[in-house]
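Values below: all heavy atoms of this structure, side chains included; hydrogens, waters and symmetry mates excluded. Worth saying up front: this structure is predicted, and the values here are computed from it rather than measured.
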Amino acid sequence: MIVYWLCFILFLTGLYGVITRRNLIKIAISLSIMEFSCFLFLALLGYTKGGEAPIVDPADPVRTYVDPLPQAMVLTAIVIGLATTAMLMAVIIRIYRKYGTFDIREIKNLRG
Amino acid sequence: MNPLIPLFVAVPLAGAFLIMILGRFIPFLNRYLAAAVLLFLAFISFWSLLTEGADASVYRVGGWEPVNGVPIGIYMVHDSFSALVLCIISLIGLLSVIYSMSYMAGYTSGDYFYALFCLMTAGMNGVVLSGDIFNIFVFLEISAISSYALVAFGVGKNELEATLKYQVMGAIASFLILFAIGFIYWKAKTLNIADIRVAYEEGHDRSYYLLVQLMLLTGFGVKAAVIPFHAWLPDAHSSAPSPISAMLSGVLIKAVGIYVIIRLFFNMFEITEGISVLITTLGAVSMVVGTFLAIGQWDIKRLLAYSSISQMGYVVMAVGIGMILTARGVKSDVAALAITGGIFHMLNHAAFKGLLFLNAGAIEYSVGTRDLRQMGGLAETMPVTSATSFIGSLSISGIPPFNGFFSKLIIIVAAVMGHFYLLAVLAALVSIITLAYFMKFQRYAFYDRQPGKTVQKIKKVPAPMLFSMIVLALVCLLLSLLALPSLRDAILTPAADLLIDQMKYSSQITGM
C-alpha cells in the first residue's frame, strides 16, 4: 500500500511545483513529474507479487502472470506525454524569443 | 449495424496525412482536400443520423468478439446521442474550413493549418464514438494537442501566452483523467464503459467511486470550462484565428467536455443525488457568473468567449436537473424534458456561437480591430455581416422565432415543472442580461457612429466567408423547427431516452 501513497505524494509534488514555480522550464518539469506519477500508478496496477511476463506456456498453465493491459496503457500514455511535452517546450522557446524572459510574472498581456 | 463508423476517424486522419505529404507539391491542395474531407464527414454523419434505428450500432475494432459475454478489444459505439454531436462537429467544421479559405490567406504555412484542423476533427469524432474510457483519453489528447497548436497559430505575444495557459491547465486535467481511469481499472478490471457499468452494479463500494467521479468531473470540467475551471477559455478562444475560435467554442468544449460528462455520469455510473446536485450547482454558477463577466468586455471575441461559459452553464444546469429528478426517481417525464432541453441548447449553441465568432472574424478582417470602442456604423458598409450577426444575437438572447428561444423555453419550463423555481428565475434573468450585452455589441459595432471618429479603411469581406455566415444564419432559423413535437420526437427524444433509461446503453453493448 505504501507505494501507492508514495505515487500520490509524487503527484502532489508535481502539482506544488506547477503552482509555486515562476520559471516556465520548471513548470514544464513539474508537469512531467505529475505525468510520470500517473504512469507509475498505472504500472503498479498491473503488478502481481511473484508475477511473470504474460507469455502463456501450455506446459505449465498455473503460473502467476502480471496484468499486461496497464502496461499497454502506460506505453500509449508515454507516447502522448512525449507529444505534449514537446509541444509545451516549443511554445516556451517561442515565448522566450518574444518576451525575452522565462519569468511567468512578466508574461501578462492578457487580462480581464 | 452502421458500416460507416470507422470512417469517422479514419478519413480525417488520412486527410491530415495526405495534406502534409502532398501539400508541398500541389498548390491549394490543402484547402480543397480539407473541405472534401469535412464535406464527406457531414454527408455520412447526417446519413447516419437519419438512418439510425432505436438500437446503438457497435463496431469492434479488429473484429475481437466478446469472450463469455465480457467485451475485449476496442468498441466504437454510434447511438442517437453521439449521432447528434457528430452532426454538429462536421457541419461547423465544414463551414469553418470554407471560411478559412479566405481568412487564412493572410497567414503562412497553410498545410500545417489544414492538417491540424483535420487532426482535431478526427480527435473529436473519436471521443464521441469511443465506447472505451481509455480511448476517450487518447482521442481527447489528439484533439487537445492539435488545438493547442491551432490556438498559437498566429505566434504573436498574446497567442503564445494564451496557449501556455491552455496547455498547463489542459495537462493537469488530462493527468486527473488518467489517474481516474487507473482507479476505475483497479476496481472494475475493465475499460469498456458498458462493462464498467455492469461491474459497478455488482460491486457496492460507492464511496470508492465517489472519488473517481469527483476526479473525472474536475478533469472534464476543465475541458468544458465550467466556472471554477474556466480561466483558460477567454484567453484561448479570443486569441485563436476566428474559424478556430468558432470550432473551439462551438464544438470542442461540447464534444470533449459536456458530451463526455453526460455520457459517463449517465451511462457509466449510477446517478446519485449528491453528484447531481453538485453538477446542477456548477451549471447554475457558470451561467450566472459567466454572463456578468461578459457584460464588461470591450473585445468582441472575449465577450463571445465569456458568453460561451454562460451558455454552457444552461446545458449543464438542464442536464443536472434531469439527473436530480432521475436520482430521486420522480417525474421521469420532466427529467426527459430537461435533458431534451439541454441537448437542444447544446446544438443551438454550436450554430449561433459558431456564427457569431465567424462574424467577429469578418469584422476583424475588414476593420483590423476587435475593440468595440474603435468601431461603429459598420451596418452600412458590411450589410451581410451585420444582418447575420443580428440573427445570431437574437438567437443567443432567446428572442422568438429563433432557435435559442425554444431551447431556453424548454429548460425553464422543465425547471418550473420540477419545482426548481430559483433556477428557473435565474435562467430567465441571465437570458435578459445576455440580451443586454448583445445589444451592446450590435450598437457599438454596427450602428452608433460617433461624430469626429475617422472612418476606418474597410476591406471587402470575400465570398467564402459570406457563404459560411449566411448558411449558419439559416441553420439558426432551421434548428428552431426541432421544437415542433414531431421532429423533436424523431431526433431529440431518442437521445434523452437513451440517457434516462440507464441500463439500456450497457445492455445493448454487452448483449445481456
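Between Asp299(B) and Arg370(B) there is a salt bridge, since a side-chain N of the basic residue sits under 4.0 Å from a carboxylate O of the acidic one.
Only the side chain of Ser239(B) has a heavy atom closer than 4.5 Å to any heavy atom of chain A. Ala162(B) touches chain A through backbone and side chain together, each having a heavy atom under 4.5 Å away. Using a 4.5 Å cut-off between heavy atoms, Leu42(A) touches chain B through its side chain atoms alone. Neither the backbone nor the side chain of Ile142(B) has a heavy atom closer than 4.5 Å to any heavy atom of chain A. Interface remark: Phe134(B) contributes side-chain atoms only to the contact with chain A (heavy atom separation under 4.5 Å). Neither the backbone nor the side chain of Phe36(A) comes within contact range of chain B, judged by heavy atoms closer than 4.5 Å.
Interface check for chain B: of the options Ile27(A), Leu44(A), Leu69(A), Ile92(A), the most heavy-atom pairs under 4.5 Å are formed by Leu69(A). For the options Ile172(B), Leu293(B), Leu176(B), heavy-atom pairs under 4.5 Å to chain A are most numerous at Ile172(B). In terms of heavy-atom pairs under 4.5 angstrom with chain B, the leader among Lys108(A), Met73(A), Lys98(A), Arg94(A) is Met73(A). In terms of non-hydrogen atom pairs under 4.5 Å with chain A, the most contact-rich of Asn158(B), Val138(B), Ile145(B) is Asn158(B).
Stacking of Lys187(B) on the aromatic ring of Tyr208(B) is recorded, both the 6.0 Å distance cut-off and the 45° axial limit being met.
Aromatic rings of Tyr200(B) and Tyr209(B) (six-membered ring for Trp) have centroids within the 6.0 Å cut-off, being under it.
Sorted by first and then second residue, the ring pair (Phe, Tyr, Trp, His ring centres under 6.0 Å) pairs involving residues 144-164 of chain B (not counting sequence neighbours) are Phe113(B)-Phe153(B), Tyr148(B)-Tyr166(B).
Between the side chains of Thr369(B) and Glu364(B), no donor N or O sits under 3.5 Å from an acceptor N or O.
Using a 30° and 60° split on the angle between ring planes, Phe183(B) and Phe41(A) fall in the tilted class, from 30° to 60°.
Results of the ring pair (Phe, Tyr, Trp, His ring centres under 6.0 Å) test with Trp298(B) over Tyr306(B), Tyr444(B), Tyr437(B), Phe441(B) single out Tyr444(B) as the only residue that passes.
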